[in-house]
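I have placed the structure first, in the form of structure tokens, so that the comments after it can refer back to it.
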Amino acid sequence: MTGVTIIGTGRYAPGKPVTNDDLARVMDTSDAWIHPRTGIRQRHYAAEGETASDLGAKAAERAIEAAGIDRAEIDAIVCATMTADYKFPGSGGLVGAKLGIQGVPAFDLSAQCASIPFCLQMANGLIATGAARTILLVAADAHAGFMPWTDWDVVYGERDDVVSEEARAQATRHRGLAVIFGDGAGAMILRRAEVEGHGFLGAQLHTDGDFAEDIALLGGGFRSRPFLTHEMIDQELYVPRMAGRSLFKHAVTKLPRVVRELCARHECAVEDVDWMLAHQANDRINNAVREALKLPPEKVPSNIARYGNTSSATIAILLDELIRDGSIQRGQLLCLFALGAGLHWGAALLRY
Ligand code: UT7
């Protein structure tokens, strides 16, 4: 029995790009700090009122068109986001409604930056058990709502004013986190592979809740009564807290290990993988993983310079770019791997 394969992809990034220099208008930062440490040059942000489900629906439209299917053929949605439109319900049903495919079951998955390998495992299970035939996998994140500034017109260069000292100090307090995230969405249409040996081969997935607070949104959670308080706003807990150095270490140790384990389980050498599609959190993380796995740079592509870290969407956006420009060819072996809040991490192997 074959696993799921990708029959169409799409991506969407909102608005005009915001450069590192643009961010330096509202906080103490610079391209000279951001680019060498992360690889990031620019990112996009959802507009006021534009949500993860809006971005996801746009990426999905493009994936449906690329797959050449009628959207009525989609019989399940697997949706990943950590910036859902509402605290509840999840955004998967909203994507379905925006596409006009109401009634289709939506599975909302919260594995943050590690979502793509988790979503592929879930989609494969749905198809293997006959619960679905054609799945829309949509991964979207709109982080603009947790950015630590309000002077968006200054960020976009629409107003020349210098922001208040207080506003600048507030944004600067969160600069390590704020500069790395950007908004965007990627989507895939999945069906059972027709060719033996093609499609999803397997995934190796891990979660360790001991590290949940390495990156977490501490405000607005049900540990508190009421779950949202004025104090949370005063303490700026609507901006996630991130232990950047700890995450960096988790990523550079756990990701090479999980890729090696997955390849060994499927009796393939790491160097037999044609494309290593890594979550785009930091170029330095991916370069360290690449060196640990002894792989040439061209096998581990990067687009973080243009998008920043779009959380759940990074791998889906990268995949769409490489499929559309003809780099990824049918029959090639792909390994998709990621680590993110949870802590979740994992890898998936797929013959495209
Ligand atoms: O995808 C979700 C999971 N997230 C990740 O995987 C993130 C992994 N971590 C990282 O990529 C890195 O830790 C960061 C890029 C986020 C931060 O780099 P770092 O080298 O770990 O910096 P740091 O937070 O330890 O800060 C070093 C210095 C500090 O100044 P002092 O205390 O040494 O004077 C920071 O205040 O750099 C300062 N700093 C900044 N300066 C200018 C932190 N952020 C900035 C900034 N601009 N944006």
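Every number for a ligand or one of its atoms is a count from 1 in the order of the listing.
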Option from T51, D108, D141 for which side chain to side chain donor-acceptor pair (under 3.5 Å) with T81 holds: D141
Salt-bridge present ([X], [Y]; N to O < 4.0 Å):
{"X": "R71", "Y": "E61", "value": "yes"}
{"X": "R175", "Y": "D28", "value": "no"}
{"X": "D31", "Y": "R41", "value": "yes"}

Between [X] and ligand 1, which residue portion shows a heavy-atom distance shorter than 4.0 Å: side chain, backbone, both, or neither?
{"X": "L177", "result": "neither"}
{"X": "M242", "result": "side chain"}
{"X": "H279", "result": "side chain"}

Nearest protein heavy atom to [atom], by residue and atom, and its distance?
{"atom": "atom 18 (O) of ligand 1", "answer": "W33 CH2, 3.8 Å"}
{"atom": "atom 20 (O) of ligand 1", "answer": "R245 NH2, 3.5 Å"}
{"atom": "atom 35 (C) of ligand 1", "answer": "R175 NH2, 3.8 Å"}
{"atom": "atom 48 (N) of ligand 1", "answer": "T29 OG1, 3.1 Å"}

Any nitrogen or oxygen of N282, main chain or side chain, under 3.5 Å from a nitrogen or oxygen of ligand 1? yes
Contact between L23 and ligand 1, counting heavy atoms under 4.0 Å? no
Should the pair K254 and F211 be classed as cation-pi, given the thresholds of under 6.0 Å to the six-membered ring centre and 45° from the axis? yes
Output yes when a side-chain donor or acceptor of T2 lies under 3.5 Å from a complementary backbone atom of A193, and no otherwise. yes
Over 60° means perpendicular and under 30° means parallel, so tell me whether W345 and H206 are parallel, tilted or perpendicular. parallel
Would you say atom 41 (N) of ligand 1 touches the protein, meaning some protein heavy atom is under 4.0 Å from it? yes
What do you think, any protein heavy atom under 4.0 angstrom from atom 32 (O) of ligand 1? no
Should we say atom CG of D160 is surrounded by more than 12 heavy atoms from elsewhere, each under 6.0 Å from it? no
